[in-house]
Amino acid sequence: MDTKLISPPKSPAYKALLRAGPNLKPLQQVHAHIVVSGSHRSRSLLTKLLTLACEAGSILYTHRLFFSVPNPDSFLFNSVIKCSSKFGFPQHTVFFYHTMLGFRIPPSSYTFTSVIKACADLSALGLGKGVHSHVVVCGCGSESFVQAALVSFYSKCGEFGVARKVFDKMPERTVVGWNSMISGYEQNGFSREAIELFNEMKELRVEPDSTAFVSVLAACSQLGALALGCSVHDEVTKKGLYINVALGTSLINMYARCGNVSKAREVFDSMNERNVITWTAMISGYATNGYGTQAMELFAEMRAHGPRPNTVTFVAVLAACAHTGLVKEGRQVYASMRQEYGLVPGVEHHVCQVDMLGRAGLLNEAYQFIKELSPGEAAPPLWTAMLGACKMHKNIDIGVTVAEHLLEVEPENPGHYVMLSNIYALAGRMDRVEMVRNMMKGRSLRKRVGYSTIDVNQKTYLFSMGDKSHSETNEIYQYLDELIWRCREAGYAPERESVMHEVEEEEREYALRYHSEKLAIAFGLLKTKDVEAIRIVKNLRMCEDCHSAIKFISVVTKREIIVRDKLRFHHFKDGSCSCLDYW
DNA sequence: GTAGGGTTAG
C-alpha cells in the first residue's frame, strides 16, 4: 500500500482551505471560519491561505493577510515571495524581498530563484544585478537553480554575454540550465545559435525535454526551416513525449510559419488540451498563409466551443480580414471586441482596421477612422498603415501629406523615406525621389539590406540582391535570365525600372531582376527535383515585380513556390498567388 | 506545523 495514503489527517480548517482552492469568495468564507474558531493564530493556516489568495489573483488580499501576521518568519516570507513571483506579481515580489531584508531575515536560494525570476519578468537589469551580488555574498552562486534563473534573467534583459558567462561557469548543467540558454538565444533572435546549442546538449548526452523542444521549434519557426522542424517533430514522436499545450502550440506555430498549414491543422486536431494560445496560433497561421476564410471559420468555432478569445486573438482575426478583403466581417469583429468581450482595442487592432479599409480602397474612411480615434496625435503605426494604402491605390496627395508627417515625427525611420520616395516615383516626380534619397544620406540613415534564404539538402543558402558571392554564380544568373525570358514569352512584363516599385529598401541601382528572391528561386530550381515545392524566406517584403515574375515562374516551370516575406506567405501555383494580389 | 524552486507556446 502506498504510504502517502496513510499520512496523518489534516485539520478540518486546512481541509476546508484545500476544498476552497484558489477562489477568492470561498477562501474568504473559510478565513471567516478560521477567525471565528480562534485558529487565526496558526501560521500554517495563514500561510496556506495566503498562497491560495495569491493564486486566486488577489494581491491586495495577499498583502492584507501577510501584514496580519505580527512577526513574519522566513517561511512566510519565502511563501509570499514565491507565490507572488509565480502568479504574476513581480513588483510585489521585489517589495516583499526588500521587506524581508529590512526584517534582517537571511534569504535562501529558494528566495533568490523567485526574486530573480521577478526581475526577469520586469526586465529590471540594475535590480537583478544587485540581487546577483547578494546571491554571491550569501554563497548561493553555485546553486544550479539560481544559475538557471540568472541565465534566463540576463538574456531576457538582453545582456547576452553575461548570460553566456554564467552558463559557461555552471558546474553541473541540468537540462533546465541548457533550456535557459537555448531559449535565451531563441528569444533574442539568435535561432541558429539556439539550434547549435540544442545539438551540443544532445552530444553531451543530456536528454532534451519538452521545454527544450519548444524552444528549438520556435527557432525553426523564426528561420522558416521546415525540413529541420520536421526532423525535430520526428524526434519528439520517437521519444514518445506527451504533446502538452506548449509543445503542441509550438509545433503548430512551426508548421504554420514554415508554410505548411495543413500539417499545423493536423497537430491542432490531434491535441488533447488546447488553450487560447493554441487557437490563436492556428488562426494566425491561416491568416498569414492567406487562408482568410478558414481563419474566420476557426474563429467562429472558437467563439462557439473554444476558450474565450483575448486581444491577441483579435489581432490575428482582424489581420485575416484585412488581408483577405473581408471588410464587412472585419467591422463586425472589431465591434464585437468591446461589445461582446469587453476588450479594449489597442494600437495593433486599430492598425488592422486602417489596413483593412485602406487595402479595400476606402481611403477616406481609413483617414476618418484615424482622425476620430486620436483627436490629437495619432500613433505612427496608424499613419504607416495609411501610407501603405496610399501607395497601393496610388493616392499621391494623401500619401505625400502622410509621409511628410511621418518624417517629422520619426525622422530616424528609414522606411518612411523609402515610402515617400516610392510615392514620388509613382507620380513621376524623379526630382523629388532624388531629394528624398539625399535627405536620407544627409541624415546618414542606412537602409535594411534585403536577403532571401533557401534550404537545399539540409543546408541554408543566403542570397542578397545582385549577390555574386556564390560559387555557381554564373550558372544561377544565366538560368535566371533564361527563366525571365521564358516568362516574358508567357506574358510577363517587368516593371519599368525608372519607377521604383520596391516596397522595401533595396538599392534600385541593381536591376529588379536580380532581387534576392529571384536569385534564390533560380538556385532552388537548379538544385532540386521537379516535384518539390520551392521554399524561400525573405527578411523584407516582396516587391510587386518579383510577385508578378514568380507567378509566371510557377507556370513556366510547373513548380509550386512558397515565399515567406516579412509579414506573411505567398503560395504561388499555376500562375496565381494565395494572397490574391491583395497584400 | 506550513512548500519548495529555475526553463517553454500566440
Side-chain angles (χ1 to χ4, degrees), chain A residues 8 10-11 13-14 17 39 41-52 69 72-83 85-86 108-118 120 140 143-153 155-156 163 166-167 170 173-187 194 201 208-219 221 243-254 256-257 264 267-268 271 273-285 287-288 302 307 309-317 319 348:
Chain A
K10 305 278 187 190
S11 73
Y14 189 83
L17 279 176
S39 47
R41 287 187 207 286
S42 158
R43 285 279 161 106
S44 57
L45 281 180
L46 283 172
T47 307
K48 187 69 193 167
L49 179 58
L50 183 146
T51 56
L52 284 169
V69 180
D73 55 358
S74 73
F75 201 97
L76 190 63
F77 267 113
N78 281 335
S79 295
V80 77
I81 284 173
K82 191 193 72 189
C83 67
S85 170
K86 186 172 169 190
S108 68
S109 65
Y110 286 100
T111 322
F112 287 129
T113 48
S114 296
V115 177
I116 295 165
K117 177 180 150 50
C140 298
E143 288 259 352
S144 72
F145 283 88
V146 177
Q147 285 174 330
L150 281 169
V151 168
S152 165
F153 159 73
S155 45
K156 277 185 183 149
V166 177
F167 176 76
M170 286 179 148
R173 284 183 200 152
T174 60
V175 68
V176 181
W178 283 94
N179 290 347
S180 302
M181 196 66 229
I182 292 170
S183 86
Y185 275 124
E186 183 271 314
Q187 291 184 342
M201 168 177 101
D209 60 4
S210 56
T211 306
F213 285 111
V214 169
S215 293
V216 84
L217 285 165
S221 312
I243 309 288
N244 62 30
V245 216
L247 185 52
T249 307
S250 195
L251 280 166
I252 290 172
N253 191 41
M254 182 277 290
R257 295 198 52 199
V267 176
F268 181 86
M271 286 168 69
E273 28 167 355
R274 308 181 193 115
N275 59 19
V276 216
I277 307 179
T278 316
W279 285 79
T280 304
M282 193 62 234
I283 291 172
S284 157
T288 51
M302 182 180 185
N310 62 20
T311 50
V312 187
T313 316
F314 277 98
V315 174
V317 177
E348 310 101 296

_B:dT7 phosphate, OP1 or OP2, under 4.0 Å from A:S183 side-chain N/O_ = no

_Presence of donor-acceptor pair under 3.5 Å, side chain of A:S85 and base of B:dG5_ = no

*NA contact type, A:T51, heavy-atom cut-off 4.0 Å: base, sugar-phosphate, or nothing?*
nothing

_Please pick, from B:dA3, B:dT8, B:dG6, the nucleotide with the shortest atom-to-atom distance to any side-chain atom of A:K48._
B:dA3

*Touch check for A:T111, heavy atoms < 4.0 angstrom, all strands: base, sugar-phosphate only, or nothing?*
nothing

*Considering non-hydrogen atoms only, spot the tightest contact between A:P307 and A:W279 and give its length.*
CD-NE1, 3.3 Å

*The side chain of A:V146 lies closest to which of these nucleotides: B:dT7, B:dG5, B:dA9?*
B:dG5

*If you check the A:V312 side chain, which of B:dG10, B:dT7, B:dA3 turns out closest?*
B:dG10

_Nearest-Å distance for atom pair CZ/P, residues A:F167 and B:dG6_ = 19 Å

*A:N179, nearest nucleotide to its side chain (from B:dT7, B:dG6, B:dG10)*: B:dT7

*How many Å lie between CG on A:L247 and P on B:dG10, as a whole number?*
13 Å

*What about A:N244, does its side chain sit under 3.5 Å from the base of B:dA9 through a donor-acceptor pair?*
no

_Measure CZ/A:F213 against C1'/B:dT8 and give the value in whole Å, please._
13 Å

*Considering only B:dG10, B:dG5, B:dT7, which nucleotide approaches the side chain of A:K82 most closely?*
B:dG5

*Reckon A:S79 touches a base, only the sugar-phosphate, or nothing at all at heavy-atom distances under 4.0 Å?*
nothing

*asked:* Determine whether a donor-acceptor pair (one donor, one acceptor, N or O, separation below 3.5 Å) exists between the side chain of A:S11 and the base of B:dG1.
replied: no

*asked:* For a 4.5 angstrom cut-off between non-hydrogen side-chain atoms, does A:I252 reach A:M271?
replied: yes

*asked:* I need the CD1-P distance between A:I182 and B:dG6, as an integer number of Å.
replied: 18 Å

*asked:* Quick one: does any side-chain atom of A:R173 pair with a main-chain N or O of A:F167 as donor and acceptor, under 3.5 Å?
replied: yes

*Would you give the length of the straight line joining atom OG of A:S221 to atom CD of A:E186, rounded to the nearest 0.5 angstrom?*
8.0 Å

*Any chance you could measure A:S109, atom OG, to A:I116, atom CD1, to the nearest 0.5 Å?*
9.5 Å

*To the nearest Å, give me how far apart CG (A:N310) and P (B:dG10) are.*
13 Å

_I need the CD-C1' distance between A:Q187 and B:dT7, as an integer number of Å._
10 Å

_Testing the basics here: between A:K86 and A:K117, what is the closest heavy-atom pair and its distance to 0.1 Å?_
CA-CE, 4.4 Å

*Between A:S85 and A:A118, which heavy-atom pair has the shortest distance, and what is it?*
OG-N, 4.0 Å

*asked:* From the set B:dT2, B:dA3, B:dT8, return the single nucleotide nearest to any side-chain atom of A:T47.
replied: B:dT2

*Taking only the side-chain heavy atoms of A:K117 (C-beta and beyond), determine which of B:dG6, B:dA9, B:dG5 contains the nearest atom.*
B:dG6

*Among B:dG1, B:dG10, B:dT2, which is the nearest nucleotide to the side chain of A:R43?*
B:dG1

*Please determine if a side-chain N or O atom of A:K156 lies less than 4.0 Å away from the OP1 or OP2 oxygen of B:dT8.*
yes

*Measure from the ring centre of A:F145 to the centre of the six-membered ring in the base of B:dG5, then say whether that distance is under 5.5 Å and the planes meet at under 30°.*
yes

_Options B:dA9, B:dT7, B:dG1, nucleotide nearest the side-chain atoms of A:V214_ = B:dA9

*asked:* Distance check needed: B:dT2 P versus A:F77 CZ, whole Å only.
replied: 21 Å

*Counting any heavy atom closer than 4.0 Å, what does A:S42 reach on the DNA or RNA strands: base, sugar-phosphate only, or nothing?*
nothing

*Any idea which of B:dG6, B:dT8, B:dT2 is nearest the A:T211 side chain?*
B:dT8

*To the nearest Å, how far apart are A:E273 CD and B:dT8 P?*
18 Å

*Decide yes or no, distance alone: a donor-acceptor N/O pair under 3.5 angstrom between the base of B:dG10 and the side-chain of A:N275.*
no

